[in-house]
Amino acid sequence: MTTTDSTPSPNFIRNIVAEDVRVNKNEGRVHTRFPPEPNGYLHIGHAKSICLNFGLAAEFKGLCNLRFDDTNPTKEEVEYVEAILSDLRWLGFDWGDRLFYTSDYFEQLCEYAVRLIKDGKAYVCSLSAEETREYRGTLTKPGKDSPYRTRSVEENLDLFQGMRSGEFEDGSHVLRAKIDMASPNLNMRDPTIYRIRKVAHHRTDDKWCIYPMYDFSHCLSDSIERITHSICTLEFEDNRPLYDWVLDELNLDCHPQQIEFARLNLSYTVLSKRKLLGLVEEGLVNGWEDPRMPTISGIRRRGYTPESIRNFCDRIGVAKRDSVVDMALLEHCVREDLNKRTPRVMGVLRPLRVVIDNYPEDQVEELEAINSPEDPGMGTRKVPFSRVLYVERDDFREDPPKKFFRLGPGREVRLRYAYYVTCVSVVKDEQTGEVIELHCTYDPETRGGWSEDGRKVRGTLHWVSASHSLEAEVRLYDRLFEKANPGGEKGRADFKTSLNPNSLETLTSCRIEPSLAGAAPGSRYQFERLGYFCVDSVDVSDERLVFNRTVTLRDSWAKIEKQQK
RNA sequence: UGGGGUGUCGUCAAGUGGCAAGACACAGGAUUUUGGUUCCUGCAUUCGGAGGUUCGAAUCCUCCCACCCCAGCCA
């Protein structure tokens, strides 16, 4: 559990709910719901809504339902409902026995529609989609009444029954609410509430060929479930009068309050199902679970913890203004969590061979290493040391710049938990001039990395024993987009043009310390000095270790180096 | 140029007539066998702008400006 779980920060929705409870509105009940449409995978933006809805219910000892808003069979699939269910469980939320589907209510919804027709509040309109658009008017010009608006109740009842029983083709008729074609709010210009779709539904199959629209079904589903606070995003503000209209006209005793908040935007990525689906369909990423995706399943595979995501959602707040949260905050949250919980381990991403000239050929020492400086309770392990090692290529410079504390010709550094070593010579490839091997000497008096004489070394390097280390593949992930706001830029440029071509770098010859043999899929480690990594949960096998880099460690040397340029 | 919303630090965000919280980021410094972690310090005399009310305004009033959403038989 994270420390912030119990201290929610104030926000306007919480204030509304707290006040409602205080004055005993809804008999003091708090009942929210999370209502995804199963037309894609959940992303971090949904996590904000999930944490808000479930969090409010928990805080005020209420309930939160899970409801699949499955009213459009052309876009929805069981694959998505299953993915959503497993993402929600992984995030750590529990809806008890309150898993619902709007499709559960199709019969009841249909009865409500009939009631509206009988009350003269709805009519069957036989305009084509295009004609409907023309009749609707524009932002500045009022619409015109449909010629079908004055059909009799009997005729409407008959036609709607015909729609339901499959007598008509898709698009030939719709059921519309009779409100006001001159309303300045376009949503109130006789909105469509039922349309014909002769398409199999993932749950009701071909039982229905008419499906209710969002504006009709959502408020009614909320009311049926006796929801008290119906929380949605800002773009539904204009739909609120319609939400209220339906419930008022039907005179329902349970009339939930719709409250809107700003959806999450995150820098360097996009959070829209449509755009994410585009990336998946065009093969620009490897599916919804690609570790670069801001989807819950992508983030999970990347190595994030549910706790870090929930903590992030608590920290970003809830408000009505459009905003873009810095990706650095998400990264901070996962580092904070992983720092406390992961064991440290040594792995060399880009190996450079090092021979310790004065170390006996056949000798191997088992050196003790601490598993976590954050938690001594995690104990220690043995790491083998021998004459031939690998260190990180980045840790050697033939011509070290200022403030470079690592290895260079003639320099002495500490090998973590091992010895002080001094670089005595450099072997280069005759053709390319590339450094391919270092020769060092070690000081036997510094075993464990301490020196009796108190002399100091500036740098401590991670390393592995060449013959004992394991080969591994490591995937380094970076931001998916180069632009901070790829979705929200002005102008016409396609968001995909700012995709980061270097968002994935695969390293195949990495060397990992032997304690990682058989590491479980999904298990997380800190590779010292490099970052947090997890064993990939998809591409694993007995003979192959694959790691995903969740996030780098903060790197103040990188900043210094950048400043020097 | 219809309607609905929103403007508080680089980025989020509290604040609802009485001294502008906090977090991230950033910049310094201390500790450190991870250039990690941790710790300390600094970082909005001013709240989109201009007027007004008031002893007192980010909060109330007036006007203006900017940005976001709405013309699916999507949600």
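Reminder, nothing fancy here: chain letters follow the sequence lines and each chain counts from 1.
Comparing B:G35, B:C74, B:A71 by their closest approach to the side chain of A:Arg197 singles out B:C74. The listed nucleotides are B:C12, B:G72, B:G36; the one nearest the side chain of A:Ser323 is B:C12. Checking B:G35, B:C70, B:U34 against the side-chain heavy atoms of A:Leu553 singles out B:U34 as nearest. Of the candidates B:A75, B:C12, B:G3, B:G3 carries the atom nearest the A:Asp238 side chain, counting heavy atoms from C-beta on. When each of B:A23, B:C73, B:U11 is scored by its nearest atom to the side-chain atoms of A:Asp326, the top-ranked nucleotide is B:U11. Nearest nucleotide to the A:Pro10 side chain, out of B:G15, B:G35, B:C73: B:G15. Candidate nucleotides B:G3, B:U34, B:A14 were compared by shortest atom distance to the side chain of A:Asn185, and B:G3 ranks first. Considering only side-chain atoms of A:Leu186, the nucleotide from B:A13, B:C73, B:A71 that sits closest is B:A71. With B:C68, B:U37, B:G5 as the candidates, the nucleotide lying closest to the side chain of A:Lys320 is B:G5. Residue A:Ala328 places its side chain closer to B:A25 than to any other of B:A25, B:A75, B:G72.
Aromatic rings from A:Phe100 and A:Phe68 are positioned such that their centres are separated by 6.0 Å or more. Taking the ring centroids of A:Phe312 and A:His332, they lie at or beyond the 6.0 Å cut-off. Taking the six-membered ring for Trp and the full ring otherwise, A:Trp557 and A:Phe404 have centroids separated by under 6.0 Å.
Using a 90° window around 0 for the glycosidic torsion, B:G72 falls inside it and is classed as syn.
A:Glu374 contributes no side-chain N or O that forms a donor-acceptor pair with the base of B:U38 under 3.5 Å. Scanning atom types as modelled, no donor and acceptor separated by under 3.5 angstrom connect the side chain of A:Arg335 and the base of B:G36.
Between A:Arg136 and the phosphate of B:C73, there is a side-chain N or O to OP1/OP2 separation shorter than 4.0 Å. For A:Asn15, a side-chain nitrogen or oxygen approaches OP1 or OP2 of B:G15 to under 4.0 Å. For the pair A:His332 and B:C24, the criterion of a side-chain N or O lying under 4.0 Å from OP1 or OP2 is met. A:Arg458 has no side-chain polar atom (N or O) that falls below the 4.0 Å cut-off from OP1 or OP2 of B:G35. Checking the phosphate oxygens (OP1, OP2) of B:A23, no side-chain nitrogen or oxygen of A:Arg315 falls inside 4.0 Å. Phosphate proximity of B:G3 to A:Arg240: absent, as no side-chain N or O sits under 4.0 Å from OP1 or OP2. Dashed line: the shortest gap from a side-chain N or O of A:Thr132 to OP1 or OP2 of B:G72 is not under 4.0 Å. Side-chain N/O atoms of A:Arg189 include none lying less than 4.0 angstrom from OP1 or OP2 on B:A71. Phosphate contact (OP1/OP2 of B:U37, side-chain N/O of A:Arg554, threshold under 4.0 Å): present. Within the structure, every side-chain polar atom (N or O) of A:Thr140 is placed at least 4.0 Å from both OP1 and OP2 of B:G3. The phosphate of B:C74 (OP1 or OP2) has a side-chain N or O of A:Arg195 nearer than 4.0 angstrom.
Here the P atom of nucleotide B:U11 and the CG atom of A:Leu330 are 18 Å apart, to the nearest Å. The distance between atom CD of A:Glu134 and atom P of B:G72, rounded to the nearest whole Å, is 11 Å. One interatomic measurement links the two molecules: CZ of A:Phe12 to P of B:G7, which rounds to 10 Å at whole-angstrom precision. Whole-Å rounding puts the A:Phe236 CZ to B:G3 C1' distance at 18 Å. For the pair A:Asp215 CG and B:A71 C1', the interatomic distance rounds to 14 Å; values are reported in whole Å. Put simply, CZ on A:Arg263 is 11 Å from C1' on B:C69, counting in whole angstrom units. Remark: P of B:C74 and NZ of A:Lys275 are 21 Å apart, rounded to the nearest angstrom. Going from atom CG of A:Leu52 over to atom P of B:A13 covers 12 Å, rounded to whole Å.
Nucleotide B:A21 forms a pair with no other nucleotide shown, judged by Watson-Crick or G-U wobble geometry with both contacts under 3.5 Å. Under the Watson-Crick or G-U wobble criterion, with both distances below 3.5 Å, B:U6 is paired with B:A66. B:A57: no Watson-Crick or G-U partner with both key distances under 3.5 Å is found in any strand. Using the Watson-Crick or G-U wobble rule with both distances under 3.5 Å, B:U37 pairs with nothing in any strand shown. Base pairing annotation: B:A75 forms no Watson-Crick or G-U wobble pair, as no partner gives both donor-acceptor distances under 3.5 Å.
Without hydrogens or angle criteria, A:Ser451 side chain to A:Thr446 main chain gives no donor-acceptor distance under 3.5 Å. Using a distance-only test at 3.5 Å, with no hydrogens or angles considered, no donor-acceptor pair links the side chain of A:Arg195 to the main chain of A:Gly171. Panel note: side chain A:Glu392, backbone A:Arg350; a donor-acceptor pair is recorded below 3.5 Å.
Only the C1' atoms considered, B:C60 is 27 Å distant from B:G22, to the nearest whole Å. Taking the C1' atoms as reference points, B:C47 lies 14 Å from B:U16, given to the whole Å. Using atom P as the reference point in both B:G42 and B:A23, the two lie 13 Å apart (nearest Å). Separation of the C1' atoms belonging to B:G48 and B:U54 is 23 Å when rounded to the nearest angstrom. Comparing B:U8 with B:C68, their P atoms are spaced 15 Å from each other, to the whole Å. Taking atom P in both B:G56 and B:C24, one finds a spacing of 38 Å when rounded to whole Å. For the P atoms, the distance from B:G15 to B:U41 is 26 Å, rounded to whole Å. Between B:U34 and B:C9, the two P atoms lie 38 Å apart (nearest whole Å).
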Atom pairs, N/O to N/O, protein against nucleotides 27-29 of chain B, distance under 3.5 Å?
none

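Using cut-offs of 30° and 60° for the angle between ring planes, the A:His218 and A:Tyr243 rings count as tilted.
Place A:Thr71 and A:Lys403 on RNA chain B by their nearest nucleotides, and A:Lys403 ends up nearer the 5' end. If you find the closest nucleotide of RNA chain B to A:Pro184 and to A:Gly459, the one lying nearer the 5' end belongs to A:Pro184.
Residue A:Phe547 forms a ring-ring contact (aromatic ring centres under 6.0 Å, His included) with just one option from A:Phe533, A:Phe527, A:Tyr532, and that option is A:Phe527. For the salt bridge (Lys or Arg N to Asp or Glu O under 4.0 Å) with A:Asp190, the lone residue among A:Arg149, A:Lys178, A:Arg136 that qualifies is A:Arg149.
One finds no salt bridge joining A:Arg197 and A:Asp170 here, because no Lys/Arg side-chain nitrogen approaches an Asp/Glu carboxylate oxygen to under 4.0 Å. A salt bridge links A:Asp222 to A:Arg67: one of the charged nitrogens lies within less than 4.0 Å of a carboxylate oxygen. With salt bridges taken as basic N to acidic carboxylate O contacts below 4.0 Å, one links A:Arg447 and A:Glu365.
Taking a centre distance below 5.5 Å and an interplanar angle below 30 degrees as the stacking criterion, A:Tyr214 does not stack against the six-membered base ring of B:A75.
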